[in-house]
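A short worksheet on the structure shown next.
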2 protein chains.
Amino acid sequence: MKRTTPYSSPNTATPDQATSQSERATLTLREMLVQGRFLPGERLREVPLAKELGVSRIPLRLALERLAHEGFVDTRPTRGFTARQFDIADISDAIDLRGAIEGMAARFAAERNVRTEELATLRSTHEKMAELVRNGKLTLELVSEYIALNAEFHAEVLRLSGSRQLQRALDQICCLPFASPNAFLRRQYLAPESRDLFQMSVEHHRAIVEAIEFREGARAESLAREHARIARRNLESALANKTLGEVPGLQLIKL
Amino acid sequence: MKRTTPYSSPNTATPDQATSQSERATLTLREMLVQGRFLPGERLREVPLAKELGVSRIPLRLALERLAHEGFVDTRPTRGFTARQFDIADISDAIDLRGAIEGMAARFAAERNVRTEELATLRSTHEKMAELVRNGKLTLELVSEYIALNAEFHAEVLRLSGSRQLQRALDQICCLPFASPNAFLRRQYLAPESRDLFQMSVEHHRAIVEAIEFREGARAESLAREHARIARRNLESALANKTLGEVPGLQLIKL
DNA sequence: ATACCACGGTTTGCATGCAATAATGTCCGG
DNA sequence: CCGGACATTATTGCATGCAAACCGTGGTAT
């Protein structure tokens with residue numbers, strides 16, 4: 001039950017490779033919740049759920065406890081767990097919150113990181129992304145590559161901030177699948193203004209690297225904040241076009 | 001195991017009034033961890049710990065799981081839990097992070113809250129605090145009252161933000177006892193510049209209310225951020241004067 | 001001397017079953 | 001016909017005990 005790297009959020013792991021029953025239960029249940037398998041507010045009874053998941057109640061309970069901390073279920077003592085409902089405000093705010101924390105991370109990186117050569121990885125990741133976007137049309141395959149690089153980029157900024165607390169805070173926000181920086185990228189790929197959005201992202205990244213390099217903390221911070229707003233544009237666009245299907249975790253939104 | 005109101009952080013509850021074994025275990029263990037009862041990195045073996053706490057391993061395990069999410073213990077699968085070590089950077093960053101989130105809350109309150117009469121509670125809480133500080137010397141008793149009002153004030157700003165996500169984020173940060181807005185107040189009471197710091201706090205609050213009232217989001221945000229820095233001043237001062245004892249959770253800091 | 005493996009004790013992970021509490025249905029009085 | 005007390009069922013909370021994974025030790029082969 002370790003989340004090894006930031007932004008490699010839990011949704012990427014598959015239940016099959018779980019090392020323990022409680023981990024399998026956690027992964028499967030989280031997936032079920034994200035898929036909207038439960039009605040909002042629906043009570044999750046332990047015995048039937050355990051039978052369905054093929055685990056006993058003890059690991060199931062541990063899984064529910066974790067998911068409660070991650071915000072997927074609510075808990076009332078001696079009255080069990082209920083599926084959590086999210087609304088648009090939750091998504092918007094979660095994205096903004098991520099922006100604020102990533103903003104702090106970028107600022108810390110700018111203010112604290114001294115050695116230029118430490119920026120090599122960040123710069124190289126940025127270059128690869130810029131290359132992808134520069135070279136003609138993005139295929140689905142290239143988008144997957146972009147997504148991986150994007151996760152790397154965000155993780156590297158976080159690493160450069162050197163702050164465990166920021167890391168923790170971001171981990172906890174990105175538990176919500178729709179709050180992660182990659183949440184909307186597959187959908188963005190389908191958007192009419194797709195190309196523009198990817199280009200804007202890359203330009204944001206470029207400027208962030210530059211700001212960190214020149215120790216421009218305030219600039220780095222506001223850039224990272226604004227960068228997160230692309231996700232909100234995608235959210236609005238997805239809502240308008242009813243293309244929520246491409247976005248992980250958006251099935252369980254109350255409209 | 002519900003945290004009903006924000007800022008009424010877990011440390012206030014006593015293990016005696018726990019309704020379940022796992023809750024009692026959580027409260028007791030958290031207290032033990034905060035008191036520095038374990039060496040940093042020390043492995044927490046379930047059987048002896050359970051015996052010491054007078055509960056069985058199942059509720060203890062649930063407690064450990066929760067504390068892992070709160071950041072007090074680390075976990076490695078099949079290798080148990082270990083006591084977490086904190087350092088000065090963790091505290092500083094946690095305080096800054098709180099400032100950032102409270103800043104967002106203040107901004108949201110300014111940008112979203114429309115009706116003036118909704119500010120009545122906030123204003124009244126602020127007035128009471130101002131009164132306390134205005135009327136001569138703060139006794140220990142008055143400081144306790146101040147602390148309660150301070151929690152109320154911060155909770156009210158959060159409430160006015162209307163954001164569940166911010167609430168969640170703040171709850172999670174304030175799990176760390178030294179990150180809460182009240183963490184340093186008892187210590188601040190003992191500081192030579194005590195009076196000035198309380199006055200400064202009240203002035204911050206006044207300005208925050210004003211900014212919210214006039215919909216000055218950016219101002220509200222930066223005020224709330226700066227307001228949190230008072231805690232960092234207290235931290236530095238406590239470090240310099242070696243008066244860490246007055247600050248909850250500062251026994252477990254590696255210097 | 002070092003690397004490897006076998007093995008015993010220790011510790012975690014989990015399934016089962018029981019007790020206590022909450023939800024639900026039933027019956028009776030108004 | 002409706003509301004409240006009580007009985008019944010359903011559901012959570014937990015203790016016990018067992019099995020598997022892990023760690024350290026010692027012995028053996030290279």
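So you know, we letter chains A, B, ... as the sequences are listed, proteins then strands, and number each from 1. This is a predicted model, so every value here is computed, not measured.
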| query | Hey, are A:His227 and A:Glu102 close enough side-chain-wise for a donor-acceptor pair under 3.5 Å? | reply | no
Separation of C:dT11 atom C1' from B:Phe81 atom CZ, nearest Å, is 13 Å
Quick note, ring-ring contact (aromatic ring centres under 6.0 Å, His included) partners involving residues 29-64 of chain B, not counting sequence neighbours, are none
Residues passing the ring-ring contact (aromatic ring centres under 6.0 Å, His included) test with B:Phe72, sequence neighbours excluded, are none
Sorted by chain and number, sequence neighbours left out, side chain to side chain donor-acceptor pair (under 3.5 Å) with B:Thr78 holds for none
Those residues at least two apart in sequence (or on a different chain) that pass side chain to side chain donor-acceptor pair (under 3.5 Å) with A:Ser92 are none
Between CD of A:Glu65 and C1' of D:dT12 the distance, given in whole Å, is 13 Å
Within residues 39-53 of chain B, the residues having a heavy atom closer than 4.0 Å to DNA chain D are none
Check the interface with nucleotides 14-21 of chain C: list each N/O to N/O pair with the protein under 3.5 Å, or write none.
{"unit_1": "C:dC14", "atom_1": "OP1", "unit_2": "A:Gln21", "atom_2": "N", "d": "2.4"}
{"unit_1": "C:dC14", "atom_1": "OP1", "unit_2": "A:Ser22", "atom_2": "N", "d": "3.3"}
{"unit_1": "C:dC14", "atom_1": "OP2", "unit_2": "A:Ser22", "atom_2": "OG", "d": "3.4"}
{"unit_1": "C:dA15", "atom_1": "OP1", "unit_2": "A:Gln21", "atom_2": "NE2", "d": "2.9"}
{"unit_1": "C:dA15", "atom_1": "OP2", "unit_2": "A:Ser56", "atom_2": "N", "d": "3.0"}
{"unit_1": "C:dA15", "atom_1": "OP2", "unit_2": "A:Ser56", "atom_2": "OG", "d": "2.6"}

Sorted by chain and residue number, the side chain to side chain donor-acceptor pair (under 3.5 Å) partners of A:Arg164 (sequence neighbours excluded) come out as B:Asp90
Hits for side chain to side chain donor-acceptor pair (under 3.5 Å) against B:Arg232, two or more places apart or cross-chain, chain-then-number order -> B:Asp96
Sorted by position of nearest nucleotide on DNA chain C, 5' first, the leading residue of A:Arg79 and B:Arg79 is B:Arg79
Sequence neighbours excluded, the answer for ring-ring contact (aromatic ring centres under 6.0 Å, His included) partners of A:Phe153 is A:His205
